[in-house]
Amino acid sequence: MNPSKSSPAETVPVENLSYEAALSELEAIVLELESDEHALADALAMFERGQALTQHCAQLLEDAELKIQELSGEELVDFDPS
């Protein structure tokens with residue numbers, strides 16, 4: 001994930017990504033940072049994008065939890081498959 005070689009995912013604003021797309025990109029960034037040596041500026045850019053993706057995923061999960069609370073009468077209940 002070299003910033004000079006911009007991938008299509010890097011051009012998409014974080015707030016426009018679905019949870020699954022954001023998580024997938026975040027996983028790719030983690031693997032990239034763990035597996036290769038990068039110039040400090042490149043690593044910082046990837047880390048910054050990763051932080052934004054993490055915050056976006058957390059917000060999407062929080063929004064989903066609030067929606068579930070609305071649908072279940074304001075209180076989360078344990079799932080009972082029976």
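Note that these values count all heavy atoms, side chains included, but never hydrogens, waters or copies made by symmetry. Residue indices begin at 1 and follow the sequence shown. For clarity, every value in this text was computed on a predicted model and none was experimentally measured.
Considering only residues two or more places apart in sequence or on other chains, Ala39 meets the side chain to side chain contact (heavy atoms under 4.5 Å, CB included) condition with Asp42.
Within a 6.0 Å sphere centred on CD of Gln51, heavy atoms belonging to other residues, nucleotides or ligands number more than 12.
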Just list the side-chain donor-acceptor pairs under 3.5 Å for residues 53-61, sequence neighbours left out, or say none.
| from | atom 1 | to | atom 2 | distance (Å) |
| --- | --- | --- | --- | --- |
| Thr54 | OG1 | Gly50 | O | 2.9 |
| His56 | NE2 | Val14 | O | 3.3 |
| His56 | NE2 | Leu17 | O | 2.8 |
| Gln59 | NE2 | Asp63 | OD1 | 2.8 |

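Summarising the geometry, atom CD belonging to Glu32 is positioned 5.5 Å from atom CE belonging to Met46; distances are rounded to the nearest 0.5 Å.
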Glu34 and Val30: CA distance, side-chain angles, deciding distance, side chain to side chain contact (heavy atoms under 4.5 Å, CB included) verdict: CA-CA 6 Å; Glu34 288 178 343; Val30 170; 3.7 Å; yes
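Using a 4.5 Å cut-off between side-chain heavy atoms of Ile, Leu, Val, Met, Phe, Trp and Tyr, Leu31 forms no hydrophobic cluster with any other residue.
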